[in-house]
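Remember, predicted model here, so these are calculated numbers, not experimental data. Every number for a ligand or one of its atoms is a count from 1 in the order of the listing.
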Amino acid sequence: MSKKRVVVLTGAGVSAESGISTFRDSGGLWEKYDISEVATPEAWERNIDLVIDFYNQRRKQLHEVKPNPAHYALVKLEEKYDVHIITQNVDDLHERAGSSKVLHLHGELKKVRSSIDENLVYELEGWELKKDQKCEKGSQLRPHIVWFGEPVPLIPKAAEISSSADIYLIIGTSLNVYPAAGLVNYVKPGIPIYLIDPGEVHAPDVNLIKEKAGTGTPKLVEQLLKKAD
Ligand code: APR
């Protein structure tokens with residue numbers, strides 16, 4: 001018999017216990033930085049040095065952190081389920097833990113791309129993107145990140161995956177940012193939805209597990225693995 005499909009939507013909270021700041025919690029990144037100054041196409045036009053530095057710092061931090069029990073639990077879930085992760089995170093902690101199917105809705109910190117041809121995407125060596133590093137067509141390389149005000153090219157794929165779920169998990173996202181927050185609307189009626197988050201996240205018709213990802217996820221995964229037997 002083919003495995004049931006578990007689709008997992010993750011946000012910054014799944015990486016919080018690895019030491020990566022979330023965005024909107026108290027002390028989060030958007031308290032320290034102004035979104036419009038570092039995470040928009042206009043910011044890139046206005047102050048390229050600041051934007052490059054902001055993402056260089058994030059990328060540097062990525063080399064100093066490790067996956068946590070939430071990331072590893074989702075890998076274990078693959079023993080008995082067809083697990084598809086849709087992450088809003090730009091870190092690579094799901095991949096480093098060993099998850100096999102990860103879709104990055106908002107881009108990837110370790111990649112950079114041409115600023116004139118979005119199809120020219122490169123792995124960056126090390127953490128530092130330098131001003132004047134160019135793509136093969138001669139344009140400045142930019143972070144491979146979906147900025148506020150830009151389209152989210154992988155949303156149709158993520159919607160299709162969400163609609164194919166037999167079980168849906170949402171972990172560590174405030175569900176404040178669309179279109180990602182709307183993906184749950186593609187889940188078929190009657191499909192169980194679990195939401196793991198210690199904060200006040202509002203989503204209708206979900207089984208709320210008010211815990212941190214690092215403890216809530218391994219527990220839920222154990223339950224789901226038992227159910228699959
Ligand atoms: N475990 C689980 N959840 C946690 C933990 C934890 N240890 N710590 C915090 N959280 C929860 C918070 O309660 C909150 O609901 O993680 C969520 C983080 O929300 P945001 O900071 O808004 O992050 P996210 O939802 O991923 O943001 C979406 O916004 O700025 C953009 O592009 C960026 O991908 C990001 C998008």
Side-chain angles (χ1 to χ4, degrees), residues 7-44 51 54-55 57-59 61-62 65-74 85-95 97 102-111 142-155 158 162 168-185 193-204 206-221:
V7 178
V8 192
L9 174 67
T10 64
V14 80
S15 297
E17 287 154 89
S18 293
I20 300 181
S21 289
T22 61
F23 297 97
R24 296 174 184 79
D25 288 308
S26 116
L29 272 178
W30 297 149
E31 248 177 32
K32 300 194 188 97
Y33 296 88
D34 186 335
I35 289 179
S36 65
E37 282 176 15
V38 294
T40 62
E42 294 76 21
W44 179 251
V51 176
F54 175 74
Y55 288 101
Q57 294 314 318
R58 311 272 79 72
R59 209 177 289 110
Q61 187 194 29
L62 199 50
V65 300
K66 295 197 294 274
N68 68 55
H71 299 103
Y72 289 116
L74 294 175
I85 296 177
I86 301 169
T87 187
Q88 298 167 83
N89 299 343
V90 295
D91 66 53
D92 62 347
L93 295 180
H94 286 303
E95 288 91 340
V102 185
L103 183 147
H104 285 272
L105 269 184
H106 294 162
E108 291 173 73
L109 259 183
K110 285 195 161 173
K111 292 182 179 169
R142 57 163 274 182
H144 183 49
I145 299 285
V146 176
W147 284 326
F148 285 90
E150 294 188 316
V152 185
L154 289 175
I155 271 290
S162 297
Y168 205 76
L169 315 188
I170 303 172
I171 308 175
T173 170
S174 61
L175 294 175
N176 262 308
V177 173
Y178 284 82
L183 284 173
V184 66
N185 299 322
I193 304 178
Y194 298 89
L195 190 153
I196 303 175
D197 197 299
E200 298 299 324
V201 182
H202 299 287
V206 297
N207 301 292
L208 182 62
I209 301 169
K210 217 169 159 50
E211 276 194 57
K212 289 186 174 179
T215 47
T217 313
K219 278 192 227 164
L220 178 61
V221 163

Does ligand 1 come near enough to K212 that some N or O of the ligand is less than 3.5 Å from an N or O of the residue? no
Note the single closest protein heavy atom to atom 10 (N) of ligand 1, along with its residue, its atom name and the distance in Å. G13 CA, 3.7 Å
Heavy-atom distances under 4.0 Å are what count here, so tell me which part of F148 touches ligand 1: side chain, backbone, both or neither. side chain
Does N176 reach ligand 1 with a nitrogen or oxygen that is under 3.5 Å from one of the ligand's nitrogen or oxygen atoms? no
Could you check atom 3 (N) of ligand 1 against the protein and tell me its nearest heavy-atom contact, residue, atom and distance included? P198 CD, 3.2 Å
Test of proximity, H106 against ligand 1: N or O pairs below 3.5 Å: yes
Looking only at distances, can you tell me whether any N or O atom of V177, backbone or side chain, sits closer than 3.5 Å to an N or O atom of ligand 1? no
Assess whether a salt bridge exists between E108 and R59, defined as any Lys/Arg side-chain N lying under 4.0 Å from an Asp/Glu carboxylate O. no
Could you pull out, from G199, G214, G172, the option with a heavy atom nearest to atom 18 (C) of ligand 1? G172
For ligand 1, is any non-hydrogen atom under 4.0 Å from A213's backbone (N, CA, C, O), its side chain (CB onward), both, or neither? both
Check whether any N or O atom of N89, backbone or side chain, sits under 3.5 Å from an N or O atom of ligand 1, and answer yes or no. no
Which residue and atom name correspond to the protein heavy atom nearest atom 30 (O) of ligand 1, and how close is it? W30 NE1, 2.7 Å
